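Reminder, nothing fancy here: chain letters follow the sequence lines and each chain counts from 1. Atoms considered below: every heavy atom in the structure, side chains included; atoms not considered: hydrogens, waters and symmetry mates. For clarity, every value in this text was computed on a predicted model and none was experimentally measured.
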There are 4 protein chains.
Amino acid sequence: MNLLKVAIAGSTGYLGEELIRLLIRHPGIELVCVTSRGNAGQRLEEVFPKFQGHKYSTLKFAASEPGQIVLSGAQVAFLALPHGAAAPFARALLEAGVRVIDLSADFRIKDAAVYREFYGQEHPAPELLRESVYGIPELYRAQLRKAQLVASAGCYPTSVILPLHPLLEERLIDPASIVVASMSGVSGAGRNVTAEYLYVECNEKARPYAVPKHRHLAEIEQELSVAAGERVMINFTPHLIPVTRGILSTIYAMPRAGVAPEAITEALEEAYGEEVFIRLQGEKGTVELKNLTYSNFLDIAWRHDPRTGRVILMSAEDNLVKGGSGQAVQNLNVMCGWAEPTAL
Amino acid sequence: MNLLKVAIAGSTGYLGEELIRLLIRHPGIELVCVTSRGNAGQRLEEVFPKFQGHKYSTLKFAASEPGQIVLSGAQVAFLALPHGAAAPFARALLEAGVRVIDLSADFRIKDAAVYREFYGQEHPAPELLRESVYGIPELYRAQLRKAQLVASAGCYPTSVILPLHPLLEERLIDPASIVVASMSGVSGAGRNVTAEYLYVECNEKARPYAVPKHRHLAEIEQELSVAAGERVMINFTPHLIPVTRGILSTIYAMPRAGVAPEAITEALEEAYGEEVFIRLQGEKGTVELKNLTYSNFLDIAWRHDPRTGRVILMSAEDNLVKGGSGQAVQNLNVMCGWAEPTAL
Amino acid sequence: MNLLKVAIAGSTGYLGEELIRLLIRHPGIELVCVTSRGNAGQRLEEVFPKFQGHKYSTLKFAASEPGQIVLSGAQVAFLALPHGAAAPFARALLEAGVRVIDLSADFRIKDAAVYREFYGQEHPAPELLRESVYGIPELYRAQLRKAQLVASAGCYPTSVILPLHPLLEERLIDPASIVVASMSGVSGAGRNVTAEYLYVECNEKARPYAVPKHRHLAEIEQELSVAAGERVMINFTPHLIPVTRGILSTIYAMPRAGVAPEAITEALEEAYGEEVFIRLQGEKGTVELKNLTYSNFLDIAWRHDPRTGRVILMSAEDNLVKGGSGQAVQNLNVMCGWAEPTAL
Amino acid sequence: MNLLKVAIAGSTGYLGEELIRLLIRHPGIELVCVTSRGNAGQRLEEVFPKFQGHKYSTLKFAASEPGQIVLSGAQVAFLALPHGAAAPFARALLEAGVRVIDLSADFRIKDAAVYREFYGQEHPAPELLRESVYGIPELYRAQLRKAQLVASAGCYPTSVILPLHPLLEERLIDPASIVVASMSGVSGAGRNVTAEYLYVECNEKARPYAVPKHRHLAEIEQELSVAAGERVMINFTPHLIPVTRGILSTIYAMPRAGVAPEAITEALEEAYGEEVFIRLQGEKGTVELKNLTYSNFLDIAWRHDPRTGRVILMSAEDNLVKGGSGQAVQNLNVMCGWAEPTAL
């Protein structure tokens, strides 16, 4: 079998590390290049002792340059780089004919003005925004098949967009009524060496942050607006909780007048009943992190509250897998026509 | 100085244990009786090695009967008993002239029908419901001073009622718009020996539960309705997170038409600016568990979101202190005319 | 390919759950029977929501009887049952021609008198003790190939026996000088619903226990004595630490007179240099749980202290994998002539 | 009452923060100066929101210079500064007549050559070494009463020296046989912003480190040698475990020939039976972090193992209290003739 040559740029953050963990067991690919700003020249097993004894353990980190990836012969490159740093990589790689799966936010926001509003800088490659495909296979599977540039979706957005999408598309809920409270594990902050992410600071603590305008709101509202066919603005409050992995989102919305509770269930089952990575837990089920960490599943449960009339949607995922590197690999599988669960 | 004689019924749960920790340093009281169903006859330090070397370490647990408390000469009794078990204790103690501070839910719900709806049983002492005072000093200080029976408020309710109370009282927000997501540490479940509270089950996990109708909703809505002067129904979703202590509540509400954002700030400052245990963190501040575990503080921060128009209130407390035993001791201090921070 | 039919008795403890996780991805087997005392009749995915969407998710638990396993046509059975309960299962299954891999302690102790001393009861099937093979492939690979009854080694013993075995076999260290301090995650206690394993009791806590005579001492000393060719008695202190998975052992021993430090390194490299699941980290390397949780690796690092003359060995493993279910699957692979890393 | 004026240099590390927490409730002192390199000019409550609403919350951090402390009129200064930085402060303060309680290692090692060996630099103030008193009140109470310079003992050393001291002093154990395994919470590393102390790196992990020659070995061996009346060298292995606070030490030693097990018990009871902060748990008791975090207790339990002849000592303390700031306050109380439990 002819293996697809794959590269990872920015391999030493948590998303890069998780990509390596997943790709080690992918039968269709060969990892030919991993890049790192800080660890170029070192072997994978030196930087990550956990990969000792695994395939690729002696692969050496290349310098963090697009040219290194092109030289390696990679046909697809994952970019696990900081926001702003990914765009120039993507441009250079696309010009060299390398397909790109970007895990940063650089190509998720279709509107450069919205990017500027939320990220505080000019978009570094606005000409590519039209070309990029938002990387949630359950929503954009057809476009992903031939995409050259995939903007793999973020962790919070995946957990919020997927439960709401069919309800907005079917006009079952009032877009102005949406309120979301999410909780994320600390790996969501990346390997970010600042005092606030020290063990002693995070342990035994929970806190809301970035209220009321977290950056991920931009892509959440963009995709919800596409679904609703109108401009959607919501409240979204992220909270940091002391777990390593996982995102839990609790979502409130008011059904439109005349919508029966069963319509919610039907819309979700219609949309996701056949999806391999979305597990519908129904109106009596629940979601919890332990059921899906280290897996690519997104679980969704829901309730109708007859007292207030609201519907409550609850979703859970592993932020590093379905909310990050697992979804990126799922995108790869779609792009290559492979079975979606491959390596997942 | 003449010390007040104090008893604790149900001293081996987490709230009982925390009461002991606080009362050890209370200069105005003498702990004369602690009762326990399972540990009668044992010394305090045998059951709780952490209390070795402290005052009262050799005090022996009495059997869990009101008569034991009356015999001890106690003038005030804290009841840290399960729901349903507290009411008969309270009745017997009140008849014997002992003032009662009940930490269970038995006397929090003024309406026996609501108690039945939420607790699934007939109220065990409905005749006492009128007499009891809901135990949040910031709201019922005057009534508490001469109360014979105090229904010390619950953990979630304290964190939800206090931020919303002045906004409803001042008619600043729409009661129908209130949505709450709360997170609690595992001690909130009590010393409950069931599989779901095992370390391995709770560690690295978060989950919503009791959706959409947690029992604490009854007392939350009761007190919010009093404040609003109308029947208030809200959505409240509790989540279990892997910390030992602490509750965090994130609350959404829509201001009434024409209410300026500053009015929210003014109402909170007016209501709580002089309170010793409520720390207003303002429109730029934040709340987090680490700042107040082991203390009796409730922190409140808030934001106005100009995009959606909603106000977001965030509150935090230690569920065993301001959300439990600390508030009970604060109630005691009010009842006795002592400085509220005594022992806190 | 003809799949081997496999059963698991006692599938709802942590070791049984982990066996299912590993066997799901084993290409050589078909899981035909899982038994449970408490959940017979329920589907796998009902008891373990995490297995929804996986192979075998609708397999139903059978009653916990050997006959159920025989009926299922299983050719190999894993026993993840409590000590004492496994032996009668093993006897019945062996008589029916089913090969048995027992994860309990029932067949690890070769001497029924030692079993009685450490487990406080008569051995339930002493006639099978001679037949059983101690299940550490790195030490008993040849015997395991044709074993009918494997006593898969325990978690602490694996982490202590493997580092010391070659040093004792080569007579490099004084057997009387061995002292061990081990730390284990809470899953080592099993799904044991008692107050001491509640989240609130274990979180933020560490403690030694079973000092000086933990049950695992029996099998540790048995295997060290075999290696040394003389009776070995050691000190072994287990500690409980607040992690879900993992065992760390720090081992002290005094080299015999005239033994050069390099001899330690040589003996370890000679013994394990070719082993796929033992990663020698050397005299400068270290061991830590994060590098190997969820994997079947055992890591070993060591130091010679010129000041005191002692050698310090440090080992780490996942107690549920190399210290439990992973090693059991490795034993299966050896018994069936499959590549040892299959499914691991 | 005339309050003693007290200063803290280096108030923003974990030991400084803990000193503030304890001194807030000390009735004999007035905190007149806190210094900080990074936060000079800010109020205490700005840097530590947890101190909002407490005494001293509006005290401003002064620049980190001895002159600031002298100017403040402080009569006693705690130094919670990094090793090497404390010595020049101490010299300047002593010259100005300020008594000094140093929490760094600068004055713990009496021999400047040993300091150089373990800390890799020349001692910054060797002339003061003779004057300093090692700050464990249970061992040096008389000298502490009039000390001008106290080298408050370190966290690991306190947990190791106290259990062994009476046994060595009474010549009950063989000094060459001592082996120690200790576990520490992450706050022991200080507010050290490096990748290895990030939440995600420490959570669910345990690891040994600094094997075989941790810096604290120098002061441990110094004090054990004083007790034994001969040069003592031991093995000491620290481990990092995922808790915020606490140190647990498990200590092995071989009794000298002819020493009866009861002699161990007698020596410990003789030495510490009257000590208010040492709780002897005896030959059947145990030690665990939960019993003493946030308190100044050191718990000691022990066992004699008739199989190997060794004695096993187990000790536990809060590394920030008895192993740090609590012990420093206890030293203050001794220096001032106050009751030792004051503020503790």
Quiz prompt | Which portion of A/E288 sits near chain C, non-hydrogen atoms under 4.5 angstrom | solution =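 The answer is neither part of A/E288.
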Could you tell me whether [X] atom [atom1] has more than 12 heavy atoms of other residues or ligands within 6.0 Å of it?
{"X": "A/R25", "atom1": "CZ", "answer": "yes"}
{"X": "A/E270", "atom1": "CD", "answer": "no"}
{"X": "A/K55", "atom1": "NZ", "answer": "yes"}

Quiz prompt | A/R279 to C/K50 - nearest heavy-atom pair and separation | solution =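 The pair with the smallest heavy-atom distance is NH1-O, 3.2 Å.
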Less than 4.5 Å to any heavy atom of chain A: does that hold for the side chain of [X], its backbone, both, or neither?
{"X": "C/F277", "value": "neither"}
{"X": "C/E204", "value": "side chain"}
{"X": "C/F48", "value": "neither"}

Practice problem: Measure up the C/H54 and A/F297 rings against each other and bin them: parallel (under 30°), tilted (30 to 60°), perpendicular (over 60°). | Solution: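 C/H54 vs A/F297 ring planes: perpendicular.
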Quiz item: Do A/Q52 and C/N291 get their side chains close enough for a donor-acceptor pair, meaning under 3.5 Å?
Solution: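 Per modelled atom types, A/Q52 and C/N291 side chains form no pair under 3.5 Å.
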